[in-house]
Each structure stands twice: as C-alpha cells, then as structure tokens.
Amino acid sequence: MTEMPKFLQEVNGQLWLVEDERENMKISYRINKVIYSEQSPFQHVMIVDSCDFGNMLVLDGVVQTTSLDGHIYNEMITHIPLSIHPNAERVLIIGGGDCGAAREAAKYPHLKEIDMVEIDELVVKACKEHLQEVSGNLSDPRVNFIFNDGMKHVKEYRNHYDVIIVDSSDPVGPAKALFERSFYEDIYGALKEDGLMVCQSQSPLFHRDVMKQTFDNISDLFPVTKPYYATVPTYPGAFWSFTLGSKKYDSVHVKEFDKDTRYVNQSILNSCFDLPAFLRLK
Ligand code: SAM
C-alpha cells in the first residue's frame with residue numbers, strides 16, 4: 001500500500017485535508033481520494049478528489065484552486081487587465097501552473113504571444129491531466145510554456161510585454177521573491193511604455209500587510225494603481241484581492257464583453273473597482 005501524503009489525516013475512517021499554515025485557523029476539507037501525489041524539486045504537488053469542491057490542486061498542503069471555484073479567480077486575474085489594455089499583443093503569466101489564467105487569455109484572438117513562466121513543470125503536468133475543469137484542453141499554439149523562475153525571466157526582458165499577470169502562490173518558498181519590491185521594478189522594466197500588470201495580493205482580511213505592501217510597491221512605480229477583489233470560497237476568508245499597476249490605461253475599455261465565462265460579465269467589468277469601504281487603501 002502506498003504511504004498517505006503527510007498533509008492528509010484519517011479521522012474515524014474519513015480522509016481530511018487540513019490546511020494549517022495559520023496559527024489560529026485550520027481549514028479542513030473532506031477528501032474522497034488522492035488522485036496524484038509527487039514531490040517536485042520545489043514543493044509537494046497533489047491533486048485530490050474532494051467531497052464539496054471537486055478536484056483540487058494542493059501545493060505543500062495548501063489548496064491553490066478547485067474545480068468548483070477556480071474559474072472565479074482565473075477569470076478575474078485575466079479578463080480585468082485584458083479589458084483595460086486596448087491592444088495587447090504580448091502577455092506574460094508568471095506562475096499560473098494550473099493553466100487557468102492562460103486558458104482565459106487564449107480567449108483573446110488579438111493576442112500574439114502568451115508566455116507562461118512556471119517554476120514547477122510537475123504542477124502543469126498534474127493539472128493538464130487531472131484538473132481539466134480549470135486547465136481546460138489548453139493546446140493553443142500561442143501559449144509558450146517556459147519552466148523557469150519568474151523572477152529570473154522578467155530580468156531578461158526590457159520594454160517587451162503589454163500585460164504581465166502574476167498568478168503566484170502564497171509568499172513562501174519559491175513565490176516569496178514574487179512579492180518583493182525588486183521584482184516589481186523588473187516587471188516595470190519588462191513592460192512596454194503603455195503596459196500594465198496585475199498580481200494576486202492575498203486576503204484583505206487576513207494578509208492586509210501583504211496587500212498594503214503590494215499596493216505601496218506598485219504605486220511607487222506605476223502612475224495608476226488599482227486594487228480589486230473577488231469572492232473565492234476556497235481561499236481563507238473568501239475575499240481575495242488583486243492589485244493592478246498600469247503605466248497609462250486606467251479604466252475598462254470593453255463595452256460589450258463577449259468571452260465565454262462563468263463569472264466575469266459586463267457588469268463585473270463596469271464595477272470591478274468599486275470597493276467596500278474597508279478595502280480602500282488610500
Ligand atoms: N490561484 C492560486 C492562488 O492564489 O493560490 C495560485 C495559482 S498557481 C497554482 C501558483 C503557481 O506559482 C504554482 O504552480 C507555483 O509553482 C508557481 N510559482 C511559485 N513561485 C514561482 C516563481 N518564482 N516563478 C514561477 N512560478 C512560481
């Protein structure tokens with residue numbers, strides 16, 4: 001019999017995934033079975049079949065995305081920037097190993113290149129095979145998979161990309177550098193003179209320091225800085241923030257949103273920067 005991954009617990013004959021990265025909060029999901037479990041050079045990669053969320057991607061014991069609600073996050077991190085930039089051709093996605101953001105970006109026929117720089121090839125392999133509700137049948141020839149550290153990749157480019165989407169995991173391990181100021185400086189340099197970026201900036205309830213620091217780092221560099229949020233049941237607290245930094249464009253230009261989506265629509269685009277009072281940072 002194969003050994004049970006260390007992030008799972010058996011309680012009264014039931015299998016549970018217990019996310020316990022926070023001191024005062026543990027989130028438990030009942031699991032039907034483990035579908036994939038491997039240790040990569042970077043992290044433990046697992047796909048589980050959960051009772052309520054369908055298949056889930058779990059990295060080092062932390063849920064990243066699920067069949068049930070992955071579309072909310074992936075649509076919001078992709079369609080907002082691509083509805084603001086009026087004529088993007090080159091897009092870079094950093095992280096995003098579940099392929100959900102690349103799948104959404106591929107819905108824009110005017111994009112010529114979608115570079116996806118993911119540090120861990122095993123995440124892409126596992127999600128393409130076992131998490132197709134999120135990854136889709138992604139075989140668009142414009143998507144270039146580059147297996148490298150996103151931090152190194154952006155240093156190699158100047159004035160190259162129209163839109164950069166930072167779809168990283170939490171700021172620990174290989175993703176820690178993706179929350180540092182020098183990384184945003186390199187992103188600024190890799191963008192064209194009218195380019196824009198977006199990153200996930202964690203929970204406004206539980207990681208307010210990270211959200212605030214991300215806002216400060218981006219607003220020191222970019223003339224336009226706009227946080228927005230979505231409700232993603234999988235993430236602690238369900239509120240999840242994104243922060244947009246733009247060199248030029250500051251509002252959605254799309255008037256008739258026509259992509260095949262389940263969360264983003266024209267009303268969401270029109271109101272995405274309307275924030276609850278507690279979420280306004282300035
Ligand atoms: N939506 C998810 C969330 O907010 O939790 C994250 C999506 S995606 C699975 C995050 C990806 O970032 C992971 O596959 C991880 O391997 C990748 N990653 C972490 N650090 C990275 C780095 N330095 N360069 C490129 N990819 C990185």
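Every number for a ligand or one of its atoms is a count from 1 in the order of the listing. Keep in mind it's a predicted model, so treat the numbers as computed, not measured.
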Please work out which of the three classes, parallel, tilted or perpendicular, describes the rings of [Y] and [X], given edges at 30° and 60°.
| X | Y | result |
| --- | --- | --- |
| His153 | Tyr161 | tilted |
| Tyr29 | Phe53 | perpendicular |
| Tyr36 | His130 | tilted |

- Would you tell me whether Thr66 and Asp69 have side-chain atoms, one donor and one acceptor, within less than 3.5 Å of each other? yes
Would you mind listing each N/O atom of ligand 1 next to any protein N/O under 3.5 Å, plus the distance?
| unit_1 | atom_1 | unit_2 | atom_2 | d |
| --- | --- | --- | --- | --- |
| ligand 1 | 1 (N) | Tyr235 | OH | 3.0 |
| ligand 1 | 5 (O) | Gln64 | OE1 | 3.3 |
| ligand 1 | 14 (O) | Glu118 | OE1 | 2.8 |
| ligand 1 | 14 (O) | Glu118 | OE2 | 3.2 |
| ligand 1 | 16 (O) | Gln43 | NE2 | 2.9 |
| ligand 1 | 16 (O) | Glu118 | OE2 | 2.5 |
| ligand 1 | 20 (N) | Pro174 | O | 3.4 |
| ligand 1 | 20 (N) | Ala175 | N | 3.3 |
| ligand 1 | 23 (N) | Asp149 | OD1 | 2.9 |
| ligand 1 | 23 (N) | Pro174 | O | 2.9 |
| ligand 1 | 24 (N) | Gly150 | N | 2.8 |
| ligand 1 | 26 (N) | Ile119 | N | 3.2 |

- Message: Salt bridge check, Lys247 against Asp194: does any charged N sit closer than 4.0 Å to a carboxylate O?
- Response: no
- Query: Which residue pairs pass the side-chain hydrogen bond (donor to acceptor under 3.5 Å, both in side chains) test when at least one of the two sits in residues 71-84, sequence neighbours left out?
  - Reply: His71-Arg262, Tyr73-Asp167, His79-Glu104, His79-Tyr108
